[in-house]
Amino acid sequence: MPAPPAAPLAQVVPLTPVDGVYTYRVPPEMDAEAVAGARVVVPFGRRTLTGVVVERFGDDDLDPETAPKLKPLYDVLDARPAVPADLLALTKWVADYTLCTWGEALKAALPSGTGVESRRVVHGLAPPDAWDEPRGRKVLRALQERNGAGLPVAQVAGVLGRKTVPQNLLRRLEAAGAVRLDDEVQEARARAKTARHLRLATPPAGGNSRTVRGARQTALLEHLAGVGEGGAVQAEAFAATGATSSTVKSLEARGLVEAFDAEVERRADGLDGPAPEAAPPVDLHPAQEAATDAIAGAIRAGRGGTFLLHGVTGSGKTEVYLRALRAALDKGKTAIVLVPEIALTPQTVRRFRAPFGDAVAVLHSRMSPGERLDAWTRIRDGRYPIVIGPRSAVFAPLDNLGVIVVDEEHEASYKQFDPAPRYHARDVAVMRAHRAGAVCVLGSATPSLESVANANAGKYTRLEMPDRVPVRGPDGTTHAPAPLPPVRVIDLGREKQVRRLKGALSHDLRLAIEARLGRGEQTILLQNRRGYAPVVTCEDCGWTPTCTDCAVSLTVHRDRYGKLSDQLRCHYCGLTERLQPACPECGERDLRLLGQGTQRVEEEIAEVFPEARVLRMDLDTTSRKGAHRKILDRFGRGDADILLGTQMVAKGLDFPRVTLVGVVDADTGMLLPDFRASERTFQLLAQVAGRAGRHELQGEVLLQTRNPDHAAIRFALAHDFHGFAHVEMAERLALGYPPYGRLVGVEVKGPEQRSTEALAERWGVALGQEAQKVAGVEVLGPAPALVGRVKKWWRYHLLVKAPRTLPPSVLAAVVRAVRDRVGAPGGHRVNLDVDPVGLY
DNA sequence: AGCACGCCGACT
DNA sequence: GTCGGCGTGCTC
C-alpha cells in the first residue's frame with residue numbers, strides 16, 4: 001500500500017472560456033504525475049474535459065465550503081508536465097493582460113487536438129414508429145439515419161427546426177427507453193505515432209553471426225550494428241539494405257535480431273529534412289559586430305534585457321541573430337526565433353538550420369496536428385534547444401531560455417485576433433524573456449513606433465545597423481553591396497493629365513520594366529490588391545454588386561478563360577457568383593470595371609510585354625500547399641522575369657537579379673480610417689523597396705501614387721525611417737494614440753442591426769460611467785465598423801483610450817467591470833481587444 | 001462555452 | 001395545460 005499523498009488536492013484550470021480555478025481530489029495512483037503543469041481529464045459540470053494542474057496542496061487549508069463538492073481527477077495525460085512552471089505564470093499574465101481566461105491562454109500554449117472533451121449525445125434505441133407523437137418520431141428517424149452513431153444533444157434542436165433543445169421531449173424518450181443519453185468522450189485527435197523498429201538482439205541468443213548467409217542478412221546486421229541500441233525503423237532499414245520481412249524472419253528465428261514498437265517523429269516535408277551544409281563563417285561588418293557584442297555579451301552575462309535591432313534591409317540582421325543563438329547554446333541555454341508566418345519559408349529555415357542543424361525544431365501552421373504534436377513533445381523533452389516558428393512559438397515549452405528573437409517585430413501578423421487570447425507575440429516575447437532573465441532581440445528595418453518609444457524611454461537598448469553589408473554570391477565570393485536603391489515617385493494624377501494613362505502602369509514604369517527585360521534582370525511588382533477589379537459599376541444606372549451577407553462591394557475575378565467567365569467574389573465571406581454581361585437593374589450592357597487587382601495588372605503586362613514571363617503571387621495563387629514555395633523557387637532560378645503580387649512579395653525575399661521594384665499603387669490602404677494606416681504604408685513601401693539591388697547590381701524603385709506629398713511616400717523616398725517616425729510620433733502624441741496612449745477595442749456583434757446597435761450603445765454608456773472614475777480615460781463610439789456587416793453579422797466598434805501612464809491593469813478593470821455589468825446578452829458577441837492592431 | 005432550469009407569452 | 005423562446009446561474 002503506497003502512503004497517501006501529502007498533497008491530495010489539485011487546483012485545475014479547465015481549458016475553456018470559464019473563469020476560475022477548481023479543486024479536485026488526486027487519486028493516489030495519480031499522485032506522482034498530477035503535478036503542476038500536467039494536463040488532466042476532469043469532470044466539469046455535466047461534461048468531461050481537459051485542464052491543467054496549476055498547483056497541488058494538502059487538505060488542511062481547504063475551505064469547508066468547497067470540501068463537499070470535490071470530485072476526483074479522471075486521468076493524467078502527461079507523464080512529464082506539459083506546461084513548465086514559467087509558462088504557467090506567463091499564460092496567467094497573458095490572460096490578465098488580454099482579458100481572457102487562464103484556460104484560453106493555456107490552450108494557446110498547448111498543441112491543438114491533444115486534449116479530451118465530452119459532449120452530451122443521444123443514441124436511438126427504438127424505431128420511429130414506436131412513438132406516436134410527430135416530434136418524437138422525427139428525432140427517432142434522425143437517430144436511425146445515423147446508424148447508432150449518436151447525435152450531439154445540441155443538434156437535436158436543428159433536427160426539429162427550432163432554436164432550443166427540447167429537454168422535456170428527450171427526457172420522456174429516455175424514460176420510455178426509446179433513446180439513451182450519454183456523455184461521449186472525444187479522445188485526442190493527435191497522438192504519438194509508433195512504428196516497428198529492429199535492433200540487434202542482446203545478448204545474441206543461439207546463432208552466431210558468422211553463420212549468416214546471404215548479402216541481405218549481412219547488410220541488415222551491419223546496418224543495425226551501426227545504429228546501436230535505439231534500433232532503426234524497419235521500413236528505413238529495408239530501404240537502406242534491401243532486406244525484406246523474410247530476412248528479418250530468419251534472423252529473428254536465430255535470435256540475432258529483435259523487433260519492437262517505438263515512437264517515431266513525424267516530420268513536415270519541405271521545411272524540414274536533413275540539415276543543409278554549414279556555410280563558412282563570414283566576417284562581421286562593424287555595426288554587426290557592435291550589435292553582436294552587445295547581445296551576446298548580455299546573454300553570456302545572463303543579465304537579460306531587450307534590444308531593438310534596427311537594421312536597414314540587407315544590413316545582415318540574420319547573421320546577428322545566428323550569433324545570439326550561438327551565444328545562448330554555448331552557455332547551455334535554449335532559444336526561440338519568431339518569424340512572421342509568411343516569412344517562414346524554406347529559405348528562412350535553411351538559414352537557421354545551416355549552422356545549428358539538428359538542434360532546430362520548426363513549428364508552423366501548415367504542419368499536421370500529428371507533426372506538430374511530435375515536434376512539441378520533443379521540444380518539451382529537451383531534444384531541440386532552438387525553436388523557430390510563427391507567433392504561437394513564443395509559448396514553446398523550452399526550459400532554461402537564453403534568448404528570444406522576434407524578426408520583423410513590426411509585423412501585424414504577430415497579433416492574434418481569433419480565437420482568444422488576443423495577444424501580441426512580440427509583447428509576450430519581451431515579457432517571457434524578462435521573467436526568464438533571458439535576452440529579447442526585436443529586429444526590423446522599420447520598427448513599430450511602440451518599440452521606438454520603448455527604446456527612446458530607455459526600456460530597450462537600441463542597436464543601429466544603417467548600412468548594407470557585403471554579400472556572398474552562390475560561387476562563394478563576397479562583393480560589396482549595392483547602396484540602398486534610389487526611389488522615384490511617379491505622380492499618377494499628373495501622369496493621367498499629361499500622358500492619358502489608361503491602365504495601371506505608367507510610361508516610366510513600363511520603360512523601367514522594358515530595360516530590365518532587355519538586360520535579363522528581374523522585376524518585383526507590388527499591387528496590394530488581389531482579383532481583377534475591386535469594383536464593377538453600371539455606366540447607366542450606377543448599380544454596383546454587393547455581397548448579400550457583408551457590407552462590401554464584390555471584387556471581379558477573371559480566370560484564364562477570360563472575360564466571359566468573370567466571377568464576383570466577396571473577400572470577407574468567400575461568396576462567389578457569376579458576373580452577368582448586363583446590368584440586372586437596367587439591362588445596360590456597358591459595365592465598367594473600376595480599379596486594378598493583381599490579375600488585371602498581369603493582363604496588362606501580358607499585353608505590353610508579351611514575351612515577359614510573369615509569376616503572380618497572391619492569396620489566390622498560393623492557397624494550395626507548397627504553391628508559395630514553388631513560385632519563389634521558379635523566380636529564384638531565373639525562370640521568370642517579373643514577380644507580381646500582393647504584400648507577400650514585400651517580405652524578406654532576397655534575389656540577386658532583382659534590380660527593379662515597382663509599386664503599382666502605393667496608396668492602397670494609405671487612406672483607411674485607421675491611425676496606423678500611414679505607419680503600415682511606410683513599412684510596406686520600405687520593405688518592398690529593400691528587395692531591389694541587394695547584391696552587386698544597383699537597384700531602382702518606382703512608386704506610383706496620387707499622393708506624392710503624403711508623409712509615408714516622402715520618407716520612403718529618402719529611406720528615412722527616423723524622419724518618418726519623428727513626424728508620425730508627433731501626430732500620435734497630439735491625438736493620444738499609441739505609443740502615447742493605451743487602447744482597448746470593443747467589438748459588438750449580432751445577427752440583427754437594431755439590437756446590436758442598442759447593445760453597443762449600452763456598452764458606450766456603461767464605459768462612459770466607468771471611465772469617469774479614472775482620470776484620463778476616454779470612450780470613442782460606438783460607431784458602425786468599417787465593414788458594418790460580415791457573414792450576416794452586424795458589427796459596431798467602441799474604443800477606450802487611456803494615457804500611457806495609466807497602468808494596464810486599471811484600464812483592464814474598467815472594461816472588465818462593463819463586461820460583468822452589460823455583457824453580451826441575447827445571442828450577441830462582444831470581443832475585447834487590448835492593444836488592438838487592426839481597424840478601429 | 002456548454003448545459004440545465006425556470007419563467008413567460010402563445011397556441012391546441 | 002403544454003411548448004418554445006429566452007434570461008440566468010453554475011461548473012470543484
Side-chain angles (χ1 to χ4, degrees), chain A residues 7-27 30 34 40-59 61-75 95 99-108 115-122 132-136 138-139 151-174 181-186 418-421 749-752 755 758-759 762 819-832:
Chain A
L9 303 177
Q11 300 274 55
V12 175
V13 171
L15 299 180
T16 64
V18 176
D19 252 322
V21 177
Y22 297 81
T23 308
Y24 289 86
R25 283 201 328 271
V26 180
M30 298 180 200
V40 289
V41 180
V42 293
F44 194 68
R46 285 208 65 102
R47 294 178 293 161
T48 300
L49 41 80
T50 304
V52 171
V53 177
V54 295
E55 208 188 329
R56 285 286 297 271
F57 66 108
D59 47 7
D61 39 16
L62 181 65
D63 79 276
E65 191 119 334
T66 49
K69 296 194 221 164
L70 294 191
K71 296 179 182 176
L73 301 179
Y74 281 168
D75 200 4
L99 299 170
C100 72
T101 68
W102 197 355
E104 286 173 305
L106 280 166
K107 210 168 180 179
V116 172
E117 263 182 46
S118 79
R119 47 183 187 174
R120 293 278 280 164
V121 170
V122 209
D132 51 9
E133 181 202 0
R135 291 183 316 142
K138 212 165 179 182
V139 171
L151 184 73
V153 164
Q155 286 178 33
V156 176
V159 168
L160 296 176
R162 31 175 292 176
K163 288 194 174 175
T164 55
V165 177
Q167 298 289 350
N168 207 326
L169 172 66
L170 285 179
R171 251 188 304 258
R172 281 184 286 121
L173 284 165
E174 189 186 19
L181 286 165
D182 259 344
D183 279 317
E184 196 161 280
V185 176
Q186 321 250 292
D418 256 341
K749 298 200 286 186
E752 201 243 318
S755 65
L759 181 62
R762 283 174 61 202
R819 182 170 62 185
D820 294 344
R821 220 172 90 198
V822 181
H828 293 88
R829 282 198 51 85
V830 176
N831 289 325
L832 302 178

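Just so it is clear, the model here is predicted, and its values are computed rather than measured. Convention: sequence-line order gives letters A, B, ...; per-chain numbering from 1.
What you find for Pro27(A) and Leu73(A) is that their closest heavy atoms are CG-O, 3.7 Å.
Just one residue in the list Asp182(A), Leu170(A), Val121(A) forms a side-chain contact (heavy atoms from CB on, under 4.5 Å) with Val153(A), and that residue is Leu170(A). Results of the side-chain contact (heavy atoms from CB on, under 4.5 Å) test with Val12(A) over Val40(A), Val54(A), Thr50(A), Val41(A) single out Val40(A) as the only residue that passes.
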Annotated protein contacts, base or backbone, on nucleotides 5-12 of chain B with a non-hydrogen cut-off under 4.0 Å, one of B, S, - each: S-------
Summary of protein contacts for nucleotides 1-12 of chain C, nucleotide by nucleotide, where a base hit scores B, a sugar-phosphate-only hit scores S (4.0 Å, heavy atoms): --SSSBS---BB
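Residues Pro8(A) and Phe57(A) are not in side-chain contact: their nearest non-hydrogen atoms beyond the backbone lie 4.5 Å or more apart. A 4.5 Å side-chain heavy-atom check between Arg762(A) and Pro825(A) finds at least one atom pair inside the cut-off. At a threshold of 4.5 Å between non-hydrogen side-chain atoms, the residues Val42(A) and Asp75(A) do not count as touching.
Take Arg47(A) and apply the side-chain contact (heavy atoms from CB on, under 4.5 Å) test, not counting sequence neighbours, and it matches Phe44(A), Leu49(A), Ser118(A).
Between the CG atom of Leu170(A) and the P atom of dC3(B) there is a distance of 12 Å, given to the nearest Å. Put simply, CG on Asn831(A) is 13 Å from C1' on dA1(B), counting in whole angstrom units. Between the CZ atom of Arg819(A) and the C1' atom of dA1(B) there is a distance of 13 Å, rounded to whole Å.
OP1 and OP2 of dC3(B) both lie 4.0 Å or more from every side-chain N or O belonging to Arg119(A). For the OP1/OP2 pair of dA1(B) and a distance below 4.0 Å, the side-chain nitrogens and oxygens of Arg829(A) include at least one atom meeting the criterion.
A salt bridge does not link Arg120(A) to Glu184(A): none of the charged side-chain nitrogens sits closer than 4.0 Å to a carboxylate oxygen.
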